[in-house]
Protein chains: 2
Amino acid sequence: MKAAVPITVNGLKASCSQCNLVELCLPFGMSEHDLNRLDELVGARRKIKRQQSLYRAGDPFEAIYAIRAGSFKTDVLLEDGRDQVTGFQMTGEILGLDGISAETHSCNAIALEDSEVCVIPYGKLEEMSREVEGLQHQFHKVMSREIVRDHGVMMLLGSMRAEERLAAFLLNMSQRFTARGFSPAEFHLRMTRDEIGSYLGLKLETVSRAFSRFQEDGLVSVQQKHIRILNASGLKRLLQHQSGGR
Amino acid sequence: MKAAVPITVNGLKASCSQCNLVELCLPFGMSEHDLNRLDELVGARRKIKRQQSLYRAGDPFEAIYAIRAGSFKTDVLLEDGRDQVTGFQMTGEILGLDGISAETHSCNAIALEDSEVCVIPYGKLEEMSREVEGLQHQFHKVMSREIVRDHGVMMLLGSMRAEERLAAFLLNMSQRFTARGFSPAEFHLRMTRDEIGSYLGLKLETVSRAFSRFQEDGLVSVQQKHIRILNASGLKRLLQHQSGGR
DNA sequence: GGACACCGTTGATCGACGTCAACCACAAAA
DNA sequence: TTTTGTGGTTGACGTCGATCAACGGTGTCC
């Protein structure tokens, strides 16, 4: 009695139960039974080309998105032209939560490489999370995690020095690559120095200099966007010594 | 057939339907019918003395809190002793959302003056928001608003100069006092210069100097913690001129 | 292959904010 | 009233990171 899988504009219908990102994504920790219900929830997949936006500040809020492949940055713009990267997102992470409060997105989400997301219509999500307890709880956890993450960034921006910020950034990237089955020590950054700087509240030259310094000190090897961490505990130590900061 | 209102340790049982903070708090926008159900949800009130903590980082997460009276700060601590204020909260605002993700609080919530909160047991909240659509939606909005707010702070910390940060802070306070029926132009800050500095990523001396500068320029009148805004549009102008920043 | 962007690196200089220190204002206690 | 403590202000000086500028590497489009 099951209807045929509908063909969507952008290709295959998403399926959480078949997806190898379950452990990183919204369905984490849900029962197999609940998982099957998620397949109803998640709409089409959508492909976004590098530098294209998934949504822009001011767009009406209709759905949240799970990153199926690729990576994104989110940024906010001030009237005067200044902008700030508020986060980098990788596979399995959820985009668009900022839109719920005002029913309008409050930042831009831009693909750092050709990417693909699963579209999760928000109305449906609320509806289903009234029925599926596991989904409700997971969704709340995802939102809460975003809040905790943001507090970490505030800590970083408010009280760390340039090299500490970059060290924290690299360790965070390493940890997230590891969670995705990649090497903890060797990875490829998808963002420019300018974007890293914007995220860390630094100018690109400062980011570049900090990279060079780390290289001199044998902490990492840097070749453009290719990073190899040579001394992870050295990086961690940088974070612990209270080095005056601001 | 209604049971008598139970007497709680800390005094009166909270009642959303009777509360004059509805428009600022979790129940905002909910129907009268739904509102009555909220009275079941909200547990006892709890009083917190100035400088006492409502919860501390590491405490098991059991409830979220709505501020009934008074005000709070939240802060995070790093191992090395550095700490950072992540927010100031006023009446009607919700505390504790950081705890959902790890089932443990990730920051400290400390009363800036003698205060009172309504305790909202989290299990009950999830349960009831499966039944009451309006509650579910409002709760999601509250979480999302927190995320948007944090992005604003990241913007401030990452790309504004000292005086811009303080101007943004004052305008934000003014706006929140106004929403609570107080004067937009004249108010009493409950936090020290050190706490403001920690929140804004500045040292207390820098905060103090910025206040003095504003006073010289006739933008505000400052007498210790008592602030009078003399030229709000002047403060706003400070934010728009892109003044180089970092 | 050559030309052109774009991105990244490095150096020299400057300025905003941190640091250190002294002093002042106000409130609670003696 | 004086005392003591906490919080706030102001000045002199130092430093970290921004700014300005030149140059080098890498990839893409003719």
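Per chain, numbering begins at 1; letters A, B, ... match sequence-line order.
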Inset, instruction - Measure distances between side-chain N and O atoms of E205(B) and base N and O atoms of dC20(C), and say whether any donor-acceptor pair falls under 3.5 Å. - result: yes
Inset, instruction - Using five pairs at either end of the helix from dG1(C)-dC30(D) to dA30(C)-dT1(D), determine the angle between the two local helix axes and round it to 10 degrees. - result: 40°
Legend entry - Results of side-chain hydrogen bond (donor to acceptor under 3.5 Å, both in side chains) for T86(B) - residues two or more places apart only: T74(B)
Legend entry - Heavy atoms of other groups near R180(A) CZ, more than 12 under 6.0 Å: yes
Inset, instruction - Measure from the side chain of V222(A), starting at C-beta and using heavy atoms only, and say which of dT9(C), dT10(D), dG7(D) lies closest. - result: dT9(C)
Legend entry - Side-chain donor-acceptor contact under 3.5 Å, N172(B) with S174(B): no
Inset, instruction - Go through the structure and list residues passing ring-ring contact (aromatic ring centres under 6.0 Å, His included) with F211(B), not counting sequence neighbours. - result: none
Inset, instruction - Classify the side chain of R209(B) and the base of dG11(D) as holding, or not holding, a donor-acceptor pair under 3.5 Å. - result: yes
Taking only nitrogen or oxygen atoms into account, show me every contact under 3.5 Å that the protein makes with nucleotides 23-25 of chain C, one pair per line with its distance.
none

Inset, instruction - Grab the two heavy atoms, one from C25(B) and one from I94(B), that are nearest each other, plus how far apart they are. - result: SG-CD1, 4.3 Å
Legend entry - Within residues 142-153 of chain B or reaching into it, pairs that qualify as salt bridge (Lys or Arg N to Asp or Glu O under 4.0 Å) - sequence neighbours excluded: E146(B)-R149(B)
Residues 51-59 of chain B side chain polar contacts: donor-acceptor under 3.5 Å, at least two apart:
unit_1 : atom_1 : unit_2 : atom_2 : d
S53(B) : OG     : R56(B) : NE     : 3.0
Y55(B) : OH     : G96(B) : N      : 3.2
Y55(B) : OH     : D98(B) : OD1    : 3.3
D59(B) : OD2    : R56(B) : N      : 2.8

